[in-house]
Structure formats: C-alpha cells, structure tokens
Amino acid sequence: MPEWWGYLSLIERGAWVTFQITVLGCALALAVAFVAGMGRISPYRPVRWLAVTYIEFFRGTSGMVQLFWLFYVLPFAGIRFEPMVIGIIGVGLNVGSFGAEVVRGAILAVPKGQTEAAITLNFTRWQRMRRVILPQAIPAMLPPFGNLGIELLKMSAVVSLITIGDLTFQAQVFRLQTGMTAEPFGILLVIYFLFASLIALGARRLERRVSGWAKSE
Amino acid sequence: MDWDWAFTLEIIPQLLQGLVVTVEITVLASALAMVVGLVLAVGARSGVKLISYPVTGFVEFIRRTPLLVQLYCLFYVLPDFGIILPGFVVGVIGLGLHNSCYIAEVYRAGIEGVPRGQWDAATAINLPRRYVWTRVVLPQAIPPMIPALGNYILFMFKESALLAAITVVELMNTARIIANENYQYIEPITLVGLFYLAVSVPSAFALRRLEDRLARRAA
C-alpha cells in the first residue's frame, strides 16, 4: 500500500499503448472515412451498396460488440491477429463509419456549381475531386473530425476488455494489486481528459490552417 | 467456421432475457439523462458564475472522458465512501449521467433556437419566470430536439453493452456467459450483433425520416 507510486510506471506504459491505438486508429478511421464516404456517393451502385452496408453495420452496433466479435469470432474463420491489431482495426472501422457520414455531408455541401464548372472545364473526376471539391469540403470536415478523434480516444478504453494493456487495463491492474480505487481511476480520468484536450487543441489549430482553402469571394 | 443452428435456437430465449435487461437500462438511463440534461442546460445558462462555471466544467469533463472509465469509477469508488449499490443501478446512473452532458448540449441548441423576440415578449407581458420557461420557451424548443434526443436514446441502447464490464447481465454479458459456458463463441456473439442491428437500423431510419419531416415543416 505505501509505495503505490511504483505502479505509476504501469500507468505510463498504458498511456503509451493508448496513444498508439488512438493515433493508428485515427489514421485508419481517416482512410476508411474517405473511401466509404466517397463510395457512398459513387455513381456505381455496387460501390454504393458496399459503402452503405459497412456504414450502417458499424453505426448500428456499439464498439464493444464489434471488438468482441473481431476478437472472439474471427479466429474461428482462421483469421488470427494480435490483440493490438484487432483493437486498432475495431476502433478505426467504428469511428471510420461515422467519419464517412461526415465526409459525405461535407462533399455534398459543396455548391453544385463547382462540380458543373469543373465538368465544363474538362476536368477528369479525379482532378475535380482533388482540385475543386475536396479543398472546399475539407475545412468543413475538420470540426466533426476533431470530435470523432475524441470519441476514438474514449473508445480505446474498451480495448482493455480484449486483453490489451492500455491505460484502463493498467488502472485495473493497479486497483487489483493495491486495493486502491480513487487514485488509479482519478489519475485515469485526468489523463484521458488531458489527451482529449490535446486532440481538441490540435483540431482547432488544423482548422485555422485549413480555413484558407475554401476562399469565398 | 461451422454454424450450429440447433445451438442458435437454443440460446435465443436466454439472449432475449438479456435484451429485456438492456431495454430496461436504456429506458431508465434515458429518463435520467433527459432530466439531468435539462438541469445542466439551465445551470450552464445561469447568470450566476458560481453555478455556470462548475456546471460547464463538469459537463466538459464528463464529455472528454470515456464512459467505461466513469462506470468503473462509480462501481469501484462509491463503495469506499459507503455507498454500495447493485451494478444495474450504478450502470444506469453512469450511462444516464454521461449522456446527460451530451443531451444538455442538445437542450442548449434547442433553447437558443427559440427566437429572441419570444423572450422579450414574455418579459413585456410580465410573465413569471417559471411560466416563461414552461409555457413559452420549452414548448417551442422541444419538438426540433426530438430527433437528436432519439439519436442519443439509440446511442444509450448500444452503449449499454459496456455495463457488462461492471457485472450487469444485459445482452452482451448474456452472450459472453453463454459463450464461456458452452465454448461456442460464434453463434452468441454474432446473434447479439444482429439483435443490436435489428433494433438500431430501423430506429435510425425512422429518426432520419422524423428529422426530414420536421425540417420540411419548419421550412
């Protein structure tokens, strides 16, 4: 009981794991959000259907159910991943589905005249997206993305339930070994709050840098 | 991956019992969240800084920390202060409190959506403060908020799975128990996913239609 600050190294290790999961999960979620979001408004029906199925499936169930399914059921199909990989895939795909809706909304919010003008100027679809639509859509996507980043951080706590040694997991170890409850969980709440505030700050910085992309004359 | 249909049929009754608990949790937590959310929303708007600052701080703190950690806190820390509650109660309180902070934002947006003129008119005719709220502002603020509130109820329905971590035997935990007892994981966990989908996909669809209809009426 007395030298409980030795257990703080556990917390530190957990914080590093949580950091990794959050960063990698966000990267995956970002990639998936763009693919699924643009796929949702694709002119090809099979692509649209695929995107809708993915989005509705991951939005319709909670992160915990998805992580459990990936962790317990996939091995029976012969697909074995390390728990860490499963954790990243799970949170990334989950938040990615919400991100896809954000991407879709932002792209649809760009005035139709922009698309029409790009077509008359003989831009290919790819050039249209890259040079006209996305630079105007991305500034609108950043505030919701910031919130989703925080959501991903919070969801990363659930991976502690599939044996990943993240912050929450280590706090539980701390509790089980010392019997103290207020200290580990109090520290936990503060660390998550700090991480979330960092994400919020980063998002705001990014918003300011990107605001020049959509110049409205 | 072999799917055992006989086993699937066998476990459905047990899973349905878990679903009942999930629904109970959702209903109770939603009620709590909507009431506390209103209190928080009004408190955050208070002119008295001694009230609005702590309330806003509390809301921000809860919104930026994970629900799972909050549940653990309530479940493990409260007994140290002599408050020993069953997991179900702790879970409902945790879920409700967490979402009350999100719902407070919904209330705030709805209240601020009521035209300023309504407030001024109410003051001009000397309406007592409580009637300003109950007879003028809230009846206009609440209808547009309903889709957002519905979304959060749906969210609570799905997140109730987290209560499994504090020993509440709702749908997810029931599946886990079945899986552990029979060493068969595929059927229970897949069925649970389908159960959640069966409730949330139609609900989300209905909420979106409600939102469209309200937007059309307001336009």
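Values in this document were obtained by computation on a predicted structure and should not be read as measured data. Just so we're on the same page: letters track the sequence lines, and every chain starts at 1.
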Practice problem: Could you have a look at A:Arg175, A:Met155, A:Met64 and say which one has the most heavy-atom pairs with chain B under 4.5 angstrom? | Solution: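 Option with the top pair count is A:Arg175.
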
Quiz item: If you count heavy-atom pairs under 4.5 Å between each of A:Gly60, A:Ala171, A:Pro75, A:Ser197 and chain B, which one has the most?
Solution: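 It is A:Gly60.
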
Contacting region of [X] [heavy-atom separation from chain B under 4.5 Å]:
{"X": "A:Leu161", "value": "side chain"}
{"X": "A:Phe57", "value": "both"}
{"X": "A:Gln66", "value": "neither"}
{"X": "A:Ser160", "value": "side chain"}
{"X": "A:Thr61", "value": "both"}

Pick one of side chain, backbone, both or neither for [X], based on which atoms fall under 4.5 Å of a heavy atom in chain A.
{"X": "B:Thr190", "result": "both"}
{"X": "B:Leu68", "result": "side chain"}
{"X": "B:Arg176", "result": "side chain"}

Quiz item: Do side-chain atoms of A:Lys154 reach the backbone of B:Arg63 as a donor and acceptor pair under 3.5 angstrom?
Solution: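 Yes; at least one donor-acceptor contact below 3.5 Å.
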
Quiz item: Judged by atom type as modelled, is there a donor-acceptor pair below 3.5 Å linking the side chain of A:Ser62 to the main-chain atoms of B:Lys158?
Solution: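 Judged by distance alone, yes, a pair lies under 3.5 Å.
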
Quiz item: Say you draw a straight line from CD of B:Gln70 to OH of A:Tyr192; how long is it, rounded to the nearest 0.5 Å?
Solution: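 Answer rounded to 0.5 Å: 11.5 Å.
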
Heavy-atom count around [X] [atom1] within 6.0 Å, excluding the residue itself: above 12?
{"X": "A:Glu82", "atom1": "CD", "answer": "no"}
{"X": "A:Leu176", "atom1": "CG", "answer": "yes"}
{"X": "B:Arg209", "atom1": "CZ", "answer": "no"}
{"X": "A:Glu12", "atom1": "CD", "answer": "no"}
{"X": "A:Phe19", "atom1": "CZ", "answer": "no"}

Exercise. Begin with the C-alpha distance, continue with both residues' side-chain angles, and end with the deciding distance and a verdict on salt bridge (Lys or Arg N to Asp or Glu O under 4.0 Å) for B:Arg208 and A:Glu56.
Key: CA-CA 13 Å; B:Arg208 241 169 295 175; A:Glu56 287 305 312; 3.6 Å; yes

Could you check whether any side-chain heavy atom of [X] comes within less than 4.5 Å of a side-chain heavy atom of [Y], counting everything from C-beta outward?
{"X": "B:Pro66", "Y": "A:Thr168", "answer": "no"}
{"X": "A:Gln172", "Y": "B:Tyr76", "answer": "yes"}
{"X": "B:Met172", "Y": "A:Val65", "answer": "yes"}

Self-check item: Residue, of B:Asp80, B:Thr65, B:Leu162, B:Val199, that accumulates the most heavy atom pairs under 4.5 Å with chain A
Solution: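 Sorted descending by pairs with chain A, the first entry is B:Thr65.
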
Exercise. Please work out which of the three classes, parallel, tilted or perpendicular, describes the rings of A:Phe193 and B:Phe61, given edges at 30° and 60°.
Key: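 Rings of B:Phe61 and A:Phe193: tilted, as their planes differ by 30° to 60°.
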
